[in-house]
There are 4 protein chains.
Amino acid sequence: MVGGGEGAFIGEVHRFAARLDDCYELVAGALSSQPEKAKRSADALGIARHYSDFEAMAEAESKREDGIEVVSIVTPNHLHAPVAMAFLKRGIHVICDKPLTATLAEAKALYQVAEASQAQFLLTHNYSAYPMVREARAMVKGGQLGRIRSIQVEYAQDWLTHSLEQTGNKQASWRADPAQAGLAGCVGDIGSHAYQLACFVGNTQAKEVLADLSSWVEGRALDDEANILLRFENGAKGHLWASQVAPGNENALSLRIYGDKAGLEWHQEAPNELIYSVLGEPSQRLRRGNGYLSEAAMSVSRIPAGHPEGYLEAFANLYREFAAQLLLSTHHSDLPTLSTGLHGMRFITASVYSSQNNSLWVTVDG
Amino acid sequence: MVGGGEGAFIGEVHRFAARLDDCYELVAGALSSQPEKAKRSADALGIARHYSDFEAMAEAESKREDGIEVVSIVTPNHLHAPVAMAFLKRGIHVICDKPLTATLAEAKALYQVAEASQAQFLLTHNYSAYPMVREARAMVKGGQLGRIRSIQVEYAQDWLTHSLEQTGNKQASWRADPAQAGLAGCVGDIGSHAYQLACFVGNTQAKEVLADLSSWVEGRALDDEANILLRFENGAKGHLWASQVAPGNENALSLRIYGDKAGLEWHQEAPNELIYSVLGEPSQRLRRGNGYLSEAAMSVSRIPAGHPEGYLEAFANLYREFAAQLLLSTHHSDLPTLSTGLHGMRFITASVYSSQNNSLWVTVDG
Amino acid sequence: MVGGGEGAFIGEVHRFAARLDDCYELVAGALSSQPEKAKRSADALGIARHYSDFEAMAEAESKREDGIEVVSIVTPNHLHAPVAMAFLKRGIHVICDKPLTATLAEAKALYQVAEASQAQFLLTHNYSAYPMVREARAMVKGGQLGRIRSIQVEYAQDWLTHSLEQTGNKQASWRADPAQAGLAGCVGDIGSHAYQLACFVGNTQAKEVLADLSSWVEGRALDDEANILLRFENGAKGHLWASQVAPGNENALSLRIYGDKAGLEWHQEAPNELIYSVLGEPSQRLRRGNGYLSEAAMSVSRIPAGHPEGYLEAFANLYREFAAQLLLSTHHSDLPTLSTGLHGMRFITASVYSSQNNSLWVTVDG
Amino acid sequence: MVGGGEGAFIGEVHRFAARLDDCYELVAGALSSQPEKAKRSADALGIARHYSDFEAMAEAESKREDGIEVVSIVTPNHLHAPVAMAFLKRGIHVICDKPLTATLAEAKALYQVAEASQAQFLLTHNYSAYPMVREARAMVKGGQLGRIRSIQVEYAQDWLTHSLEQTGNKQASWRADPAQAGLAGCVGDIGSHAYQLACFVGNTQAKEVLADLSSWVEGRALDDEANILLRFENGAKGHLWASQVAPGNENALSLRIYGDKAGLEWHQEAPNELIYSVLGEPSQRLRRGNGYLSEAAMSVSRIPAGHPEGYLEAFANLYREFAAQLLLSTHHSDLPTLSTGLHGMRFITASVYSSQNNSLWVTVDG
């Protein structure tokens with residue numbers, strides 16, 4: 001693991017996720033770039049081999065007989081590319097948090113390095129691994145919604161309503177700093193998740209985007225809210241709202257998708273349910289763990305219906321599936337890849353450009 | 001009453017609304033332009049004086065000692081302006097359904113006629129008369145949300161998912177016909193309600209809009225879905241989604257509004273509740289009829305908390321307040337006026353223009 | 001109307017209900033036993049003929065050519081029997097609020113008077129007139145739930161958590177007074193509604209009950225909470241919880257009913273929905289106003305789906321159906337009758353007796 | 001681990017729970033009494049030391065230097081007592097699934113063995129380890145509800161609506177078999193959880209119970225539904241409904257508790273929320289992970305608000321706290337003990353006795 005030392009949030013999540021299904025063992029880490037903190041963090045976690053330099057770690061581990069097979073990258077965004085490159089170049093598989101990188105240029109460079117490597121890459125768009133999200137995707141792919149017309153996706157939080165980054169909060173500080181977060185704030189941090197979710201379930205991606213980004217808090221360099229219109233490759237249209245300044249929202253990622261036959265609705269804060277509405281019929285509440293669900297949902301479900309699974313379980317699904325993929329040398333089509341991440345960076349870049357140009361329609365993969 | 005004969009929907013709603021609080025008596029009507037149907041409809045409703053020509057009605061009623069004091073206009077949009085003019089010119093008060101007219105030109109002409117008349121005008125944006133919507137507006141005006149930053153409003157239905165207008169359905173037919181509905185379909189029919197709601201609660205109006213309208217059903221001349229970005233006069237930004245092709249949505253008008261202190265959430269299908277979230281505190285569920293609400297909400301509430309009030313009660317609130325206004329010759333600041341309607345037509349016109357020009361930002365009152 | 005003068009709650013509800021569908025005209029009343037208040041109340045409502053004595057009213061109205069055809073009784077419980085008798089004896093139809101009377105003896109006496117009269121009787125168990133309650137009953141009768149096994153019904157409020165009756169509150173005062181309310185408090189006031197709802201939807205009635213009543217507030221003579229076990233004639237079992245001392249509950253009447261094929265769930269505070277769960281299938285959310293509902297629900301529905309109907313509309317359904325019954329001289333099988341009320345009094349009596357005898361099982365119709 | 005081989009449900013849950021926080025290592029097991037299955041199951045899980053006889057395991061492990069410190073018992077109920085005794089006698093700590101035993105006699109015997117042992121005992125009433133349940137308990141203890149008057153608890157499922165035990169389903173078979181499940185079916189399996197939850201949050205226990213048990217499915221020897229009235233030591237009253245035959249219910253454990261100041265409501269299927277209603281104020285939605293919660297809730301919470309935690313996380317809380325207790329030799333007052341389990345067996349026994357005697361009030365600890 002690189003990153004994820006004391007005070008980190010997502011590093012701990014990755015550790016829970018790795019442990020839950022007993023597919024990984026955490027044996028080495030560069031948990032911090034500060035040597036003392038790196039050691040202290042490693043000791044606290046009982047990690048045998050600790051480094052304060054990711055290059056040194058990549059080099060040393062790649063040389064060991066019992067060196068790591070996979071590294072998890074849980075640093076701020078600007079380090080994703082260099083760290084991933086260091087390991088990919090040495091044939092070590094990479095699990096990397098999103099967004100892929102801080103800038104599109106880095107993403108392209110990383111993509112080239114990965115192309116040349118035998119190692120595999122997983123981008124942890126964890127929300128796409130909830131069972132009922134998998135069910136939704138399967139339903140769209142299976143034609144149960146008919147031709148998709150409209151996608152409404154949103155991701156609202158409130159923790160940055162005030163200037164938290166000026167209070168010493170570690171999570172807020174790096175996210176508000178262009179040098180660490182990259183070209184976008186809210187759009188990169190959570191908009192990227194919302195966009196990936198819409199594409200994943202809708203089984204499509206945006207051709208063009210049009211954005212109006214805002215930065216509401218005085219002194220904040222990056223965006224903290226975004227309204228983005230979407231035109232998808234399959235002809236559907238949509239809207240993405242991402243906000244980190246909406247009081248009353250904790251982690252309110254929601255997706256609604258409508259075809260000419262039926263609609264679906266899913267909410268991350270009630271993840272075990274999927275509302276399915278066929279035109280002219282009563283809405284149905286599909287619930288995780290039931291026999292009427294598809295294999296796509298059942299295969300990522302651990303316990304019986306009515307016993308809520310949550311965020312960690314969804315995160316762990318990615319880890320478990322990636323482990324299976326590595327063992328079986330197969331490709332799991334529902335896992336987010338480096339291509340997913342590269343496209344995501346194009347989306348972020350196009351959104352920022354659109355907003356800077358008074359909300360032009362901008363081609364995403366142009 | 002003009003319009004509202006056999007097979008009509010909103011005419012019956014107006015009659016319920018007029019009757020509930022015993023402030024009106026329905027004594028004359030031109031319920032249809034077809035004489036036989038006009039008579040048959042009037043007889044069925046026990047209306048003494050029936051006409052098949054609204055001009056004749058306006059003329060005759062204005063001459064009678066016991067002539068009507070107020071007329072309700074519940075026709076398709078293209079008749080709103082001529083009918084309203086006929087009565088306003090003769091000093092008869094007008095209650096008119098929304099949108100104000102079929103085109104902006106008509107709206108301006110009507111506005112001038114109204115300026116010259118002593119008679120008063122009520123536009124039935126009924127959703128703004130729900131008690132908890134009144135509470136929301138009072139809270140925004142009272143500063144409980146702080147400075148408003150973001151407004152998300154939406155109005156989703158599914159009844160036009162397929163081509164209902166080609167099946168003889170009366171409600172669908174006129175709404176899909178530009179000659180009767182005017183320049184917009186979904187934006188005029190329900191987008192106008194959503195927009196008025198956002199402005200009413202946000203205590204502001206849009207300076208600029210940017211729209212992407214769609215017409216999903218083959219052969220449909222007008223829009224049936226719209227994504228519209230908003231920039232408000234008070235500095236807030238927002239998004240309006242209106243759709244009549246979203247399976248699973250019946251009459252899903254919802255508003256969320258966020259300031260730098262707190263947020264509010266209201267859903268028309270659960271109208272007796274308002275969710276109020278102060279940053280850092282548990283969300284509160286404000287419910288109609290409770291002593292902790294403001295006079296703004298309590299004054300439009302009839303029965304105790306927990307006894308749900310609905311759509312007809314909210315509609316009736318407009319009728320009751322307008323009656324009080326006529327009797328007391330005062331002005332009730334929460335009632336939608338002809339100015340509200342004129343601005344609404346500017347919003348519709350700007351949205352259509354924006355969409356026709358690849359989603360330009362367009363000034364609303366320009 | 002008898003009762004329902006200044007400060008009353010249910011009298012006003014009856015007036016709204018009578019007016020909504022334009023089937024009744026309110027022309028006479030004994031709104032209070034105090035002459036001045038009776039006159040003042042009648043004047044405020046524009047009621048031409050006022051009385052301060054219900055006997056005088058019954059006598060006078062029965063003699064007039066244009067005398068009333070129907071009387072609504074909205075007094076405290078102890079007056080239901082004498083007032084109803086006065087009008088029934090003179091052939092005037094009666095609409096009476098629940099519970100039927102203050103004591104079982106009165107109920108039996110009233111029943112005999114009614115038997116001898118040509119006039120008809122409606123007991124306003126209004127909750128059974130919600131469209132989705134009618135749908136539920138139709139589903140049970142149609143066998144969609146299979147053999148009924150279990151019924152959980154509850155009615156929770158919080159307005160009597162403290163000793164409101166000692167503060168001069170008119171509604172609380174008479175309900176807490178055995179001389180006016182009768183032998184039960186909470187069980188009579190709201191338990192009777194819950195029980196009727198369970199029987200109405202379950203299409204059965206209790207054979208035996210077992211009760212544990214409580215009176216939590218110091219100095220309160222009657223019960224304010226009840227837990228009652230039920231054994232129904234159709235073999236089902238159940239539980240009824242009624243409370244007026246449960247903080248956070250406004251008017252939380254809920255019913256859940258389970259057969260060996262499916263279950264139903266309905267909540268009065270969200271009355272336009274009915275949750276229907278077939279074993280092994282996703283739950284369905286049936287909603288008022290949709291074409292997939294039965295005639296039983298559609299016939300008591302006024303406006304399209306998604307436009308919420310509420311308490312007053314349900315109450316008005318009883319008035320409208322009773323009017324139709326009087327005009328057509330037919331009997332509407334879904335309307336609560338005097339027999340319903342007599343059985344309800346047996347339920348109340350048996351519950352009180354059971355509780356006084358350390359929760360014996362007591363036969364209801366014994 | 002004893003039990004939990006192929007086809008088991010709760011054994012896997014215990015393993016997830018043990019692993020999540022990295023406090024346990026699974027090194028030995030008697031996963032089945034069939035030697036081949038025991039070996040196969042152990043191999044599949046990578047467990048080094050496998051036994052097919054729990055006595056042999058207890059003996060062998062107690063003799064090893066590196067023998068297990070704790071055993072998890074996840075067998076059918078009738079084995080809880082003998083297995084627990086075998087390990088307790090040898091000083092090995094026990095984590096045991098609920099209910100404590102199959103009969104009260106066994107429970108008493110086990111209690112005596114435990115008294116004589118240095119080893120500690122944890123009963124996995126996992127629902128009491130949800131953060132918001134801990135919050136609820138802290139609020140009751142802190143007096144925020146005032147004097148407790150009423151507790152409504154329920155636990156509804158539908159998986160035994162039909163005769164699943166006759167289809168070869170392993171989970172259903174032993175639960176329906178008195179020889180394995182003990183004296184009760186539904187009351188023991190899920191009623192015991194519901195009862196413990198009520199006592200845990202209410203900070204009290206029942207003095208007397210009165211029960212009406214049912215066995216709806218033909219040929220089923222044990223109860224599958226129960227309505228139980230409760231009178232608590234603190235003076236509160238309540239009702240417990242447990243059912244395994246209620247279509248539409250997956251694992252619907254819910255608690256509502258009311259005092260003279262406020263009420264609380266919690267639902268296991270939406271476990272991250274707690275509804276708190278102070279009389280006369282808007283209801284508040286307390287949500288896991290927020291700074292306004294007590295230490296009691298925060299200490300069992302892993303990730304930020306809005307990132308749902310679920311069933312496994314709650315289960316893991318017990319494992320984590322028990323590990324801490326063993327390491328620190330302290331006692332954690334929120335952990336269910338052998339005394340909790342013994343009292344639970346008294347509750348089950350009293351309920352069965354009451355029902356067999358036409359619903360007498362029966363003293364629980366008599």
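We name chains A, B, ... by the order of the sequence lines, and we start the count at 1 in each one.
Within the model, atoms OG1 of B:T161 and CD of B:Q244 stand 9.5 Å from one another, a figure rounded to the nearest 0.5 Å.
Ring planes of B:Y127 and B:H193: perpendicular class, angle over 60° (limits at 30 and 60°).
Contacts of B:A236 with chain A are made by backbone atoms alone, with heavy-atom separations under 4.5 Å and no side-chain atom involved. The contact between A:L229 and chain B is made entirely by side chain atoms (from C-beta outward), counting heavy-atom distances below 4.5 Å. For chain A, the nearby parts of B:W216 are the backbone and the side chain; heavy atoms of each come within less than 4.5 Å. Heavy-atom distances place the side chain of A:Q152, and not its backbone, under 4.5 Å from chain B. Looking at A:E281, neither its backbone nor its side chain comes within 4.5 Å of chain B, counting heavy atoms on both sides.
Of the N and O atoms on the side chains of B:Q284 and B:S277, not one donor lies less than 3.5 Å from an acceptor on the other residue.
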For this session: Assess whether side chain to side chain donor-acceptor pair (under 3.5 Å) is satisfied between A:S359 and B:W361, documenting all intermediate values.
Result: CA-CA 8 Å; A:S359 312; B:W361 280 110; 2.9 Å; yes
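Remark: A:R137 qualifies as a cation-pi partner of A:F200 under the 6.0 Å distance and 45° angle criteria applied to the six-membered ring.
With chain A as partner, the option from B:G248, B:A262, B:S283 having the largest number of non-hydrogen pairs under 4.5 angstrom is B:A262. Counting heavy-atom pairs closer than 4.5 Å to chain B, the top residue among A:D260, A:L145, A:N227, A:N249 is A:N227. Of the listed residues (B:D212, B:D158, B:L360, B:I257), the greatest number of heavy-atom pairs within a distance under 4.5 Å of chain A belongs to B:D212.
Checked against a 6.0 Å centroid threshold, the rings of B:Y155 and B:W241 do not count as neighbours.
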